[in-house]
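Here is the structure we will look at.
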Number of protein chains: 2
Amino acid sequence: MRATATLPLYQTIKQDLERAILSGDWRPGHRVPSEHELMGQYSCSRMTVNKALSLLAASGLVLRRRRSGSFVAAPAAEETVLELHDIPTEIGKSGAPYRYELVGRKLKRAGLGEAERLGIETGDWLLAVTALHFSAERPHVLENRLINIATVPDARLESFAETPPGSWLLGRIPWNEAEHQIHAVNAKAPAAKLLAIAPGTACLVVERRTWYAGKIVTQVTLTYPGGAHFLVGRFSPVRGRAGDLRADG
Amino acid sequence: MRATATLPLYQTIKQDLERAILSGDWRPGHRVPSEHELMGQYSCSRMTVNKALSLLAASGLVLRRRRSGSFVAAPAAEETVLELHDIPTEIGKSGAPYRYELVGRKLKRAGLGEAERLGIETGDWLLAVTALHFSAERPHVLENRLINIATVPDARLESFAETPPGSWLLGRIPWNEAEHQIHAVNAKAPAAKLLAIAPGTACLVVERRTWYAGKIVTQVTLTYPGGAHFLVGRFSPVRGRAGDLRADG
DNA sequence: CGGGTCATTAAGTATAGACAATTAGTGCTC
DNA sequence: GAGCACTAATTGTCTATACTTAATGACCCG
């Protein structure tokens, strides 16, 4: 009878409940049938129902309380989610032709400010790379990157003439911790010139630091000319799968 | 022997594996012990081990393949996560005193642009609210909000003289879908005056539309003076629990 | 009426076993 | 040597059961 013919039973149960909740049929606070009731409805064992409910609880859609039952959770405040992608991928998805241009590359020792920003010692070796990413032959973003040679010794041998450092690093060193800061600045003359905009134009700046195994890998400052809208995220409060919700709506 | 005395066994197993992965001990591609091996190591049933591994797979830390085994996953590209919080809460957390000021409130019918932006019909009733949020007596963000009267009829009776519309809505209407856009703009004269900054100063603009049960609830434009750094997120690629990782490190 | 005790309910955890599905590898056949 | 069938390893799903833990509400006693 059910369209989800080959889907595992616990998935079916989970989706049925998810639909009822996300559609708004069951408001926050609404009581979800108990494990026993669902056992009856789906003619299955309690462990199967439990798995479905536990997954929903893990994703934050329901709250479970002993003796009381399971209830539809109130969506998490206005805490929400955005995504930042790899730049060539990001541009490629928009359909515009992508071009990369290396502006500068310099091996140097960390100064005081850099050492502090990266959490390393002054004098440690760094590779500073400046590059432009073009979308349809217009500058899309300016990339200023510092790479920690101690963590990524191979970088010393890479010219970055063809491959953007971000993509190069992705394929080489994974990250397991990262930190972002986003703010707006008025473009200063050098950046404005590279981005082909008037000095003073508002730009969106994303700063990201990335660690692996406790050691800093890289710090990058991405400067996007304002105006063009940017950083779009669409999502549901189902934690753990932002953005991929609209199927089957 | 293990410090996690009262923790359920499956959690213990999960954490042990998580630690090995996030610390970098096990690199991406590393083979995680099979369910049988873990069964032996922890002297427990397969279902218990399976639960631990399934949770890790759901959070994206490991990949599981039949006949092959479980492997440490490569972290998801540079796809990452940020959080935006309720404004009074956000300011309150910084320790600075918070103040709210209503600038304008007007009931009106949707024009062409508004109708399109909100996905409603021209002529539908809207409540437009303009307000300022102060942090330590300095303007922190300008809020321009449209509320769909059809979805939130109560808004018609609320003055918003004391309660910010965002917080008011949160307590009344949950959301189950939202959409963001972030960009940078040069402040125009009216906004600049309200925010007490020079016209042309770079500002970060967050636009958010929120739906519940398929109907639009509200659209809000938040204008933050640039400079002050903003939108900070720290996270691990463990999906589903961004930010709360650093415990016990 | 107040307060404590106890039974009940529902979820939380865990076990042991079964069969299905997938697929890497092995060895056999042609 | 190429292709094929078989084997076995490993995860995927599900069952039936059991005991534990938390919390609610009812009952009893002072």
Side-chain angles (χ1 to χ4, degrees), chain A residues 1-18 20-21 26 28-74 240-241, chain B residues 1-18 20-21 26 28-74 240-241:
Chain A
M1 204 63 70
R2 187 166 291 112
T4 54
T6 62
L7 215 63
L9 182 51
Y10 78 93
Q11 288 279 6
T12 306
I13 300 175
K14 184 177 153 231
Q15 289 193 2
D16 287 354
L17 299 176
E18 227 169 50
I21 295 170
W26 291 350
H30 184 284
R31 194 189 154 154
V32 174
S34 75
E35 296 190 353
H36 263 95
E37 289 169 302
L38 290 170
M39 249 172 94
Q41 283 179 36
Y42 290 89
S43 320
C44 65
S45 80
R46 204 188 125 212
M47 279 302 287
T48 302
V49 168
N50 181 280
K51 181 159 189 175
L53 284 171
S54 297
L55 287 173
L56 287 177
S59 80
L61 263 198
V62 305
L63 293 174
R64 314 194 71 197
R65 284 210 315 278
R66 281 176 172 155
R67 160 73 215 210
S68 310
S70 304
F71 301 86
V72 177
R241 49 199 206 95
Chain B
M1 204 62 70
R2 186 166 291 110
T4 54
T6 61
L7 215 62
L9 182 52
Y10 79 92
Q11 287 280 6
T12 306
I13 300 176
K14 185 176 153 232
Q15 289 194 2
D16 287 354
L17 299 175
E18 228 170 49
I21 295 169
W26 291 350
H30 184 285
R31 194 189 153 156
V32 174
S34 76
E35 296 191 353
H36 265 94
E37 288 169 302
L38 290 170
M39 250 171 93
Q41 284 178 36
Y42 290 90
S43 319
C44 64
S45 78
R46 204 188 126 213
M47 278 304 288
T48 303
V49 167
N50 181 281
K51 181 159 189 176
L53 284 170
S54 296
L55 287 173
L56 288 176
S59 79
L61 263 197
V62 306
L63 293 174
R64 315 194 69 198
R65 284 209 314 276
R66 279 175 171 150
R67 161 72 216 208
S68 310
S70 304
F71 301 86
V72 177
R241 48 199 206 95

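In this text, all values refer to a predicted model and were calculated from it rather than measured experimentally.
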Exercise. Any side-chain N or O of T48(A) less than 4.0 Å from the OP1 or OP2 oxygen of dT13(D)?
Worked result: no
Rounded to the Å, how far apart are [X] [atom1] and [N] [atom2]?
| X | N | atom1 | atom2 | result |
| --- | --- | --- | --- | --- |
| L38(B) | dT10(D) | CG | C1' | 13 Å |
| K51(A) | dT11(D) | NZ | P | 13 Å |
| L63(B) | dG12(D) | CG | C1' | 16 Å |
| R65(B) | dT10(D) | CZ | C1' | 11 Å |
| Y42(A) | dT13(D) | OH | C1' | 17 Å |
| H36(A) | dA18(D) | NE2 | C1' | 13 Å |
| R64(A) | dA22(D) | CZ | C1' | 14 Å |
| M47(B) | dA16(D) | CE | P | 14 Å |

Exercise. Among the nucleotides dA16(D), dT11(D), dA22(D), which one has an atom lying closest to any side-chain atom of R66(A)?
Worked result: dA22(D)
Problem set entry | Per R67(B) side chain, nearest of listed nucleotides dA9(D), dC14(D), dT11(D) |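 Between dA9(D), dC14(D), dT11(D), the one nearest the side chain of R67(B) would be dA9(D).
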Nearest non-hydrogen partners of [X] and [Y], listed with the distance:
| X | Y | result |
| --- | --- | --- |
| A73(B) | G60(B) | CB-O, 3.4 Å |
| V62(A) | L53(A) | CG2-O, 4.1 Å |
| L56(B) | S59(B) | O-OG, 3.1 Å |

Problem set entry | Residue pairs passing the salt bridge (Lys or Arg N to Asp or Glu O under 4.0 Å) test where at least one lies in residues 43-65 of chain A, sequence neighbours excluded | E35(A)-R46(A), E35(A)-R64(A)
For this session: State which residues pass side-chain hydrogen bond (donor to acceptor under 3.5 Å, both in side chains) with E37(A); sequence neighbours excluded, sorted by chain then number.
Result: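 Testing E37(A) for side-chain hydrogen bond (donor to acceptor under 3.5 Å, both in side chains), a comparison that skips the adjacent residues, returns S34(A).
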For this session: Under 4.0 Å between any heavy atoms, over every strand shown, what does R46(B) touch: base, sugar-phosphate, or nothing? Just pick one.
Result: base
Exercise. Contact class for S70(B) (heavy atom, under 4.0 Å): base, sugar-phosphate, or nothing?
Worked result: sugar-phosphate
Exercise. Roughly how far apart are I13(A) CD1 and Q11(A) CD, rounded to 0.5 Å?
Worked result: 10.0 Å
Problem set entry | Residue pair Y42(B) / V49(B), side-chain heavy-atom distance below 4.5 Å | no
For this session: Starting from the 5' end of DNA chain D, give me the residue, S68(A) or R31(B), whose nearest nucleotide shows up first.
Result: R31(B)
Seminar exercise, completed: Min and max contacting nt of DNA chain C in 5' to 3' order, chain B heavy atoms within under 4.0 angstrom, are dT13(C) to dA24(C)
